[in-house]
Amino acid sequence: LLACGANQAIDQHGIFGEYVRWSFTLPCPDAGVPAEMVLTTADQAIYRATRAPAGPVHLDCMFREPLTPPPGGRSVPEQCNPPAPWRNSGAPFTTWHLPETALTTEQDLELINLISRVDRGLLVLGSLPEEAAAAAPMLAGALAWPVFADVTSGLRLNRSESPYVPHYDQLLMSESFRARCAAEFVLHLGGPITSKQLTEHLAALRPEYVRVAEHPFRQDPWHQVVRRYEADLPRFCTWLAPSLQNRDIAPWCEEAVCASQTVSETVDQWLARTNTLNEIAVARLVSRRRPPESILFLANSMPLRDMDMFGAADGP
């Protein structure tokens, strides 16, 4: 029924283009299709969705009409039944083991030497997988640099203490703060960042920019990354942090943290005076009142930006 004008029949192969990590078209159900082939396809799809770079996959499943079984049902041919050992195991038919990528010894030494000579460093946290978000605070504490954590990192909320600077977006609107926040070195972990203020500030500064991610994507709209490492982020954080112990918090880091707290107090005071429901109030209330074990999904465009700018750092 493809390519002949039939209703509700379109060519779905490759319909999502390069926006999926993997796509595959399964044949119509047929006695000649072994169950093992379907199982290995499902296992491959899950592996490609969860390995770095993680993301969606597309399985296109074709069916013949009629889509409903005939009266009385239809028996499944014996060769279509999944193998008994798999059916009784509770495990995948094919177990894929995710790889771990790590820096070489030469790259380890190179990066440690780079960081050791930096006076004004900045740690930027983009979108992070859950395991990386759990490991990144260890590295943030060891570096003792100001931390600009994007809301997609999972570390923008519930982080009001040093060295986190949750309201960096508002602070970067100040010309005097931008002058005092002139980082000479940026270590950027994870995916892209939401704040246009930050990306434009760093593009104007042109510091030595190092990016560490679990994927090969460029994700560098201002074309300023000069060193790039592809590595398992949790492993990277737990490796690098012990090499940087006993570092003093930089004075400009403490200044930025205090300034961010002032912004937070100013926002609360303004909301108390206005006493109206607006975008700022919604971001503030949701970030403070949501149940601690809940999952917060932020839609694109302004909801994401509102929470990035105005989400309360003292919320759950």
*Asks:* Just by distance, no angles: are the side chains of S264 and R284 close enough, under 3.5 Å, to form a donor-acceptor pair?
*Replies:* yes
*Asks:* Heavy atoms only: give me the nearest P207-F185 pair and the separation to one decimal.
*Replies:* CB-N, 3.9 Å
*Asks:* Hydrophobic clusters here meaning ILVMFWY residues chained together by side-chain heavy-atom distances under 4.5 Å, can you tell me if M307 and V282 are in one?
*Replies:* yes
*Asks:* Is there a donor-acceptor pair closer than 3.5 Å between any side-chain N or O of R180 and the backbone N or O of W252?
*Replies:* no
*Asks:* List the residues meeting ring pair (Phe, Tyr, Trp, His ring centres under 6.0 Å) with H58, not counting sequence neighbours, and say none if there are none.
*Replies:* F16
*Asks:* Do H167 and R156 have side chains that get closer than 4.5 Å, going by heavy atoms?
*Replies:* yes
*Asks:* Any side-chain to backbone donor/acceptor pair from R247 onto L143? Under 3.5 Å, distance only.
*Replies:* yes
*Asks:* Determine whether more than 12 heavy atoms belonging to other residues, nucleotides or ligands lie under 6.0 Å from atom CD of E161.
*Replies:* yes
*Asks:* Checking E254 side chain against I249 main chain: does a donor-acceptor pair fall under 3.5 Å?
*Replies:* no
*Asks:* Would you give the length of the straight line joining atom CH2 of W270 to atom CG of N275, rounded to the nearest 0.5 angstrom?
*Replies:* 11.0 Å
*Asks:* Are any side-chain N or O atoms of H188 and backbone N or O atoms of G191, one a donor and one an acceptor, separated by less than 3.5 Å?
*Replies:* yes
*Asks:* Kindly work out whether a path of hydrophobic side-chain contacts (I/L/V/M/F/W/Y, heavy atoms less than 4.5 Å apart) joins V124 to W145.
*Replies:* no
*Asks:* Looking only at heavy atoms, what is the nearest atom pair of A256 and V165, with distance?
*Replies:* O-CG1, 3.6 Å
*Asks:* Give me the atom names and distance for the closest heavy-atom approach of A231 to L103.
*Replies:* CB-CD1, 3.5 Å
*Asks:* Has L1 got more than 12 heavy atoms of other residues, nucleotides or ligands less than 6.0 Å from its CG?
*Replies:* no
*Asks:* Do R48 and Q44 touch side chain to side chain, with heavy atoms closer than 4.5 Å?
*Replies:* yes
*Asks:* If you measure from CG on L304 to CE on M302, what distance do you get to the nearest 0.5 Å?
*Replies:* 9.5 Å
*Asks:* Check the hydrophobic clustering (I, L, V, M, F, W, Y; side-chain heavy atoms under 4.5 Å; chains of links allowed) and say if V186 and V210 are grouped together.
*Replies:* no
*Asks:* Give the intermediate values and the outcome of side-chain contact (heavy atoms from CB on, under 4.5 Å) for residues M37 and L26.
*Replies:* CA-CA 9 Å; M37 176 267 181; L26 284 162; 3.9 Å; yes
*Asks:* In Å, rounded to the nearest 0.5 Å, how long is the span from OG of S243 to CG of L111?
*Replies:* 9.5 Å
*Asks:* S294 and P291: which non-hydrogen atoms are nearest, and at how many Å?
*Replies:* OG-O, 2.6 Å
*Asks:* Please tell me if the side chains of T152 and I193 come closer than 4.5 Å, counting only heavy atoms from C-beta onward.
*Replies:* no
*Asks:* The test is side-chain contact (heavy atoms from CB on, under 4.5 Å); show your working for M62 and Q12 and say whether it passes.
*Replies:* CA-CA 9 Å; M62 298 190 292; Q12 298 186 51; over 6 Å; no
*Asks:* Set out, in order, the CA-CA distance, both residues' side-chain angles and the distance that settles side-chain contact (heavy atoms from CB on, under 4.5 Å) for L202 and Y209, then state yes or no.
*Replies:* CA-CA 9 Å; L202 295 179; Y209 204 115; 3.8 Å; yes
*Asks:* Say you draw a straight line from CG of L205 to SG of C181; how long is it, rounded to the nearest 0.5 Å?
*Replies:* 7.5 Å
*Asks:* Taking side chain as C-beta onward, heavy atoms only, is I10 less than 4.5 Å from I15?
*Replies:* yes
*Asks:* Same hydrophobic cluster for L59 and Y47, using side-chain heavy-atom links shorter than 4.5 Å among ILVMFWY?
*Replies:* no
*Asks:* Please report the shortest heavy-atom distance between L2 and D11, naming the atom on each side.
*Replies:* CD2-N, 3.9 Å
*Asks:* Heavy atoms, side chains only, cut-off 4.5 Å: are F177 and L172 in contact?
*Replies:* yes
*Asks:* For F236 and W239, take the angle between the two ring planes, folded into 0 to 90°, and tell me which bin it lands in: parallel under 30, tilted 30 to 60, perpendicular over 60.
*Replies:* tilted
*Asks:* Take E110 and E106, measure what side-chain contact (heavy atoms from CB on, under 4.5 Å) needs, and give me the verdict at the end.
*Replies:* CA-CA 6 Å; E110 174 188 63; E106 292 77 11; over 6 Å; no
*Asks:* Would you compute the distance between atom CG of L285 and atom CG of L271 and round it to the nearest 0.5 angstrom?
*Replies:* 7.5 Å
*Asks:* If you group Ile, Leu, Val, Met, Phe, Trp and Tyr by side-chain heavy-atom gaps below 4.5 Å, do L123 and M138 land in one group?
*Replies:* no
*Asks:* Using only atom types and a distance under 3.5 Å, with no angle test, would you say the side chain of R211 pairs donor to acceptor with the backbone of Q219?
*Replies:* yes
*Asks:* Is the terminal nitrogen or CZ of R51 (NZ for Lys, CZ for Arg) located under 6.0 angstrom from the six-membered ring centre of W96 and within 45° of that ring's axis?
*Replies:* no
*Asks:* So, does Q170 use its side chain to make a donor-acceptor pair with the main chain of M309 at under 3.5 Å?
*Replies:* yes
*Asks:* Which pair of heavy atoms, one from P292 and one from P316, lies closest together, and at what distance?
*Replies:* CA-CB, 3.9 Å
*Asks:* Less than 4.5 Å apart, any side-chain heavy atom of D150 and any of Y168?
*Replies:* yes
*Asks:* Tell me the salt bridge (Lys or Arg N to Asp or Glu O under 4.0 Å) pairs involving residues 300-316, sequence neighbours left out?
*Replies:* R288-D314
*Asks:* Find out whether E214 and T101 are in side-chain contact, i.e. whether some heavy atom of one side chain is under 4.5 Å from a heavy atom of the other.
*Replies:* no
*Asks:* Could you check whether any side-chain heavy atom of R21 comes within less than 4.5 Å of a side-chain heavy atom of P53, counting everything from C-beta outward?
*Replies:* yes
*Asks:* In Å and rounded to the nearest 0.5 Å, what is the CG to CG distance from L109 to L114?
*Replies:* 11.0 Å
*Asks:* Quick check: does any side chain N or O of S260 sit under 3.5 Å from a backbone N or O of V257, one acting as donor and the other as acceptor?
*Replies:* no
